[in-house]
Amino acid sequence: MTDSYLLAGRFGAATRLSPKALRLYAEQGLLLPVRIDPQTGYRYYASSQAPRARLIARLRRLDLPIVRIAQLLDLTPQARIVELQSWLSAQNDRLADQIELVRALSRQTEGDDTALAAAISLREIPAGKVSSRQRQVGVQTLDDFIAEAETDIHAHLRATGLADGGLMSVHFHDLVSRDSEGLVEVAVAFEGSLEPAGDLLIRLQPARREVYLPVPKAYEDFPLVMHVYDALEGWLDARSDISCIGSPRETYPGTQGARFDVAYPISQ
């Protein structure tokens, strides 16, 4: 072999890749030796492969999985940067969620959110009919979905000659976060007879008892609204005589002058 070809050890030293890493990348098809000596098993790499090897090493320092690196290697440098910036933005969002979770655990441990907990109450909700729409959404599209569903439901009620509707509730049947979509239902209470229309459903909402907390103005937006959920969940965890029996919901308008309440259905 000429000086243009390097043994795996010398090539790894030149590109700061260990023999183990070179074997892994060869097995995954990311960086194949140009020749393997059939008698000795020595692996040789071309010096022209060094830029690709160094790029793989840098991408691995970002803790990217091998499959993602393989996809990035096939892109143009410009397209690769766009993908990495998108990935970095998602990482920042995930870190923000993790920071907020740690803060929530700290608040529970240190007994913070005392003022919020003091405003928690119980109430009875009678059975009633609702028109609703369900969709898988994330945090980024949640507000738009709520506004669109509420507008369409009220329009359907008016078109059938019914009153504009009563209380609106937003039911979170799954976890909704920055990087996780979940099933969300927007429901508007009504009286009278109404037929389903398109993806607008009609269902009976049974009578229930719930624990609720009017959301202070300073806590209305994400992620601060999660303080309200944390306060309610901490209150529920501390009560042995009350059990949560369903998913949380937000009800509009709220009580005590709040724009909305957060509530959990309970049994006692």
What residues, two or more places apart in sequence or in another chain, satisfy salt bridge (charged side-chain N to carboxylate O under 4.0 Å, His left out) together with [X]?
X    : result
D199 : R133
D241 : R239
D37  : R35
R80  : none

Side-chain contact, heavy-atom cut-off 4.5 Å: [X] with [Y]?
X    : Y    : value
L72  : L55  : no
Q71  : V67  : yes
T251 : S169 : yes
Q136 : L183 : yes
V186 : E148 : no
I245 : R208 : no
V139 : D93  : no
L116 : P216 : yes

Please check if [X] and [Y] belong to a single hydrophobic cluster, counting links between Ile, Leu, Val, Met, Phe, Trp and Tyr side chain heavy atoms closer than 4.5 Å.
X    : Y    : answer
V82  : L64  : no
L236 : I125 : no
L201 : L167 : no
Y45  : I69  : yes
F145 : V130 : no

Which heavy atom in [X] sits nearest to a heavy atom in [Y], and how many Å separate them?
X    : Y    : answer
I120 : A231 : CD1-O, 3.7 Å
K129 : S193 : NZ-N, 4.4 Å
I153 : S131 : CD1-O, 3.4 Å
P196 : H156 : C-NE2, 4.5 Å

With a sphere of 6.0 Å drawn around OH of Y42, does it hold more than 12 non-hydrogen atoms of other residues, nucleotides or ligands?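 No, because the 6.0 Å sphere around OH of Y42 holds 12 heavy atoms or fewer from other groups.
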
How many angstroms lie between [atom1] in [X] and [atom2] in [Y], if you round to the nearest 0.5 Å?
X    : Y    : atom1 : atom2 : answer
L142 : E181 : CG    : CD    : 11.0 Å
L88  : L62  : CG    : CG    : 8.5 Å
I66  : I56  : CD1   : CD1   : 8.0 Å
C244 : E210 : SG    : CD    : 10.5 Å
L6   : Y44  : CG    : OH    : 10.5 Å
D174 : S247 : CG    : OG    : 8.5 Å

Examine distances only and state if a side-chain atom of T151 and a backbone atom of A147 form a donor-acceptor pair shorter than 3.5 Å.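 Checking the backbone N and O of A147 against the side chain of T151, a donor-acceptor pair under 3.5 Å is found.
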
Table please: side-chain donor-acceptor pairs of residues 13-34 below 3.5 Å, with sequence neighbours left out.
| unit_1 | atom_1 | unit_2 | atom_2 | d |
| --- | --- | --- | --- | --- |
| T15 | OG1 | F11 | O | 2.8 |
| S18 | OG | A21 | N | 3.0 |

Would you mind listing every side-chain hydrogen bond (donor to acceptor under 3.5 Å, both in side chains) that reaches into residues 256-266, with sequence neighbours excluded?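 Of all non-adjacent pairs touching residues 256-266, those that pass side-chain hydrogen bond (donor to acceptor under 3.5 Å, both in side chains) are R123-D261, E220-R259, E233-Y264, T255-D261.
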
Pairwise side-chain hydrogen bond (donor to acceptor under 3.5 Å, both in side chains) hits with a residue in residues 49-70, at least two apart: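 The answer is none; no pair qualifies.
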
Quick one: ring pair (Phe, Tyr, Trp, His ring centres under 6.0 Å) partners of [X], sequence neighbours excluded?
X    : value
F190 : none
Y212 : none
F260 : Y252

Dump the intermediate steps for side-chain contact (heavy atoms from CB on, under 4.5 Å) on V137 and I146, then the final yes or no. CA-CA 10 Å; V137 297; I146 293 174; over 6 Å; no

Go through it in stages, so that I can follow the logic: the residues are V225 and Y219, the test is side-chain contact (heavy atoms from CB on, under 4.5 Å), and I'd like the CA-CA distance, side-chain angles, deciding distance and then a yes or no. CA-CA 5 Å; V225 71; Y219 292 85; 5.5 Å; no

Report the residues that fulfil side-chain hydrogen bond (donor to acceptor under 3.5 Å, both in side chains) with E195, sequence neighbours left out, ordered by chain and then residue number.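 If we apply the side-chain hydrogen bond (donor to acceptor under 3.5 Å, both in side chains) test to E195, skipping adjacent residues, there are no hits.
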
Under the ring pair (Phe, Tyr, Trp, His ring centres under 6.0 Å) rule, what pairs show up with a residue in residues 50-100, not counting sequence neighbours?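 For residues 50-100: none.
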
